[in-house]
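None of these values were measured; they are calculated from a predicted model.
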Amino acid sequence: MVDSRFYKNNGPFSLAKVAEICGATLEDATKSDVEIKDLATLNSAEEGDICFFFDKKKKAKGAEIKATACVTTKELAEFVAPGVVKLIADNPHDGFVKLNYALYSEILPEPEIKSTAVIAVSAQIGEGCFIGDYVVIGENVKIGANCIIEPNVVIGHDCVIGDNCRIGAGANVMHCLMGNNCYIYGGARIGWDGFGFTTVAGVHKRIPQLGRVIIGNDVEIGANSCIDRGALDDTVIRDGCRIDDLVMLAHNNTLGRGCILVSQTGIAGSCEFGDYVVCGGQVGVADHLNIGSGVQIGAQSGIMRDIEPGSVVMGYPAVPIKDFMRQVSYIQKAVKK
């Protein structure tokens, strides 16, 4: 059961409404008025709940379902426990996401500017914003409408934040121009100095970092991730990118549309990513590389050279996925000899 202290439950929903939301067909139309109150997993679902059953590897679990209703596929319906109302969908996983959005909503603050916030006189705050306790907003900052700036956020001078953005507690945003509908999670650090040094007479001297961070629309940057500003050219994150927690994106990098960087990925400076590149967890990418559109990089891989569009690679150093699997197979056979 979802804890209503943290999330608002918009139910109950009739099964007819659930079927409409999920794009499913109610197997027994006489059950259309039956109500469900919560969404639950196969293991925890009880009377009044609905669950989703779409993993072919868990056929045996179907007989153990105790929920009032279950959204499943035509193929798996026969494995659902007797007495459970079945809703048949071509893609139950998509239905799960849609019902999740419809049934639950986050409890968000009402528009307000807390008295403890420190806001420069020259800053512009759009309508409908929430500015939390101890927020610091610098000179000439522009924040669009309906934004949520959570407690202890610092936004540096002259930054621009678009409409409907959310910046999580304790995050810092500097030297940044941000589009609409972005979510910067708590503790993220956006726009700080890139790691640029030169050695003069045996002493490491910092090279001034004079670029910006440009963030497009509908971008999410996870908790405690770090996005360095450019040295001269900007660091650019284009529309629709999803960056997980604890990711490091160095100066002058460019991400194309819809890229996904999973936790603990580190991208060295001046790399150019195409659209819809996916990096698994703990991927490392050397500097000044071109990663083509549609590339998929397996977890813990090390990228040392350019990658052609559409490639799927893995390993350290990364090689095409089929070559990686052959390497693993060869080593396993060699060890057994």
Side-chain angles (χ1 to χ4, degrees), residues 57 93 184-185 188-190 192-197 207 209 211 213-216 218-337:
K57 297 177 183 178
H93 187 268
I184 310 301
Y185 288 58
R189 299 290 183 261
I190 311 295
W192 290 85
D193 285 25
F195 192 67
F197 296 88
I207 300 171
Q209 304 292 287
V213 175
I214 309 297
I215 298 175
D218 185 30
V219 171
E220 296 199 8
I221 296 175
N224 295 321
S225 288
C226 295
I227 314 295
D228 288 346
R229 69 178 184 266
L232 282 176
D233 292 332
D234 297 321
T235 298
V236 179
I237 302 172
R238 294 201 169 94
D239 295 354
C241 286
R242 297 290 184 263
I243 296 176
D244 197 2
D245 302 343
L246 298 169
V247 168
M248 173 66 215
L249 191 67
H251 54 189
N252 302 97
N253 282 313
T254 297
L255 299 184
R257 294 176 299 111
C259 290
I260 295 175
L261 307 182
V262 180
S263 182
Q264 298 183 8
T265 287
I267 313 294
S270 300
C271 291
E272 180 85 28
F273 279 50
D275 297 335
Y276 298 99
V277 175
V278 177
C279 294
Q282 298 185 331
V283 164
V285 181
D287 59 292
H288 292 85
L289 296 183
N290 292 309
I291 310 300
S293 292
V295 166
Q296 298 179 44
I297 304 173
Q300 295 190 323
S301 296
I303 309 302
M304 299 180 179
R305 56 176 63 91
D306 294 348
I307 303 180
E308 293 295 318
S311 302
V312 181
V313 300
M314 190 169 186
Y316 187 86
V319 295
I321 188 70
K322 290 182 179 179
D323 292 344
F324 175 79
M325 300 308 295
R326 291 190 190 100
Q327 291 173 4
V328 171
S329 177
Y330 177 81
I331 292 170
Q332 289 176 338
K333 290 176 181 177
V335 168
K336 292 178 182 179
K337 289 183 179 180

Applying side chain to side chain donor-acceptor pair (under 3.5 Å) as the test, list every pair that has at least one member in residues 277-289; sequence neighbours left out. Q264-Q282, Q282-Q300

I'd like to check the side chain to side chain contact (heavy atoms under 4.5 Å, CB included) partners of D234; sequence neighbours left out, ordered by chain and number. R212, I214, V236

Please, which pairs that meet salt bridge (Lys or Arg N to Asp or Glu O under 4.0 Å) have at least one residue in residues 289-301, sequence neighbours excluded? none

Let me confirm one number: the OG-NE2 distance from S270 to H251, rounded to the nearest 0.5 Å. 5.5 Å

Over all heavy atoms of both residues, which pair between D275 and S293 is shortest? Give the atoms and the distance, please. N-OG, 2.9 Å

Using the salt bridge (Lys or Arg N to Asp or Glu O under 4.0 Å) criterion, which residues pair with D218? Sequence neighbours excluded. R242

With a cut-off of 3.5 Å and sequence neighbours excluded, list every side-chain donor-acceptor pair involving residues 302-319.
| unit_1 | atom_1 | unit_2 | atom_2 | d |
| --- | --- | --- | --- | --- |
| D306 | OD1 | N290 | N | 2.9 |
| S311 | OG | E308 | O | 2.8 |

Rounded distance (nearest 0.5 Å) linking atom SG of C279 with atom CD1 of I291: 7.5 Å

Would you tabulate the side-chain donor-acceptor contacts of residues 320-332 under 3.5 Å, counting partners in other chains and residues two or more places apart, or write 'none'?
| unit_1 | atom_1 | unit_2 | atom_2 | d |
| --- | --- | --- | --- | --- |
| D323 | OD1 | R326 | NH1 | 2.8 |

Point-to-point distance, once rounded to the nearest 0.5 Å, from CD1 of I243 to OG1 of T265: 10.0 Å

Side chain to side chain contact (heavy atoms under 4.5 Å, CB included) against Y276, all qualifying residues, sequence neighbours excluded: R257

For N224, what residues pass the side chain to side chain contact (heavy atoms under 4.5 Å, CB included) criterion, not counting sequence neighbours? L246

Where do A268 and A286 come nearest, in terms of heavy atoms and distance? CB-C, 3.8 Å

Contact summary for S301 and I297, nearest pair of heavy atoms: CB-CG2, 3.7 Å

Nearest atoms (heavy-atom pairs only) where Y185 meets G222: CB-C, 3.6 Å

Once you round to the nearest 0.5 Å, how far does CD1 of I237 lie from CG of L255? 5.5 Å

Residues passing the salt bridge (Lys or Arg N to Asp or Glu O under 4.0 Å) test with R229, sequence neighbours excluded, are D193

With sequence neighbours left out, write down each residue that passes side chain to side chain contact (heavy atoms under 4.5 Å, CB included) with N253, or none if nothing qualifies. L249, A250, I267, C271

Which residue, V247, D245, D244, forms the side-chain contact (heavy atoms from CB on, under 4.5 Å) with V262? D244

Given I190, which of T235, D228, I215 fulfils the side-chain contact (heavy atoms from CB on, under 4.5 Å) condition? I215

Residue pairs involving residues 261-274 (criterion salt bridge (Lys or Arg N to Asp or Glu O under 4.0 Å); sequence neighbours excluded): none

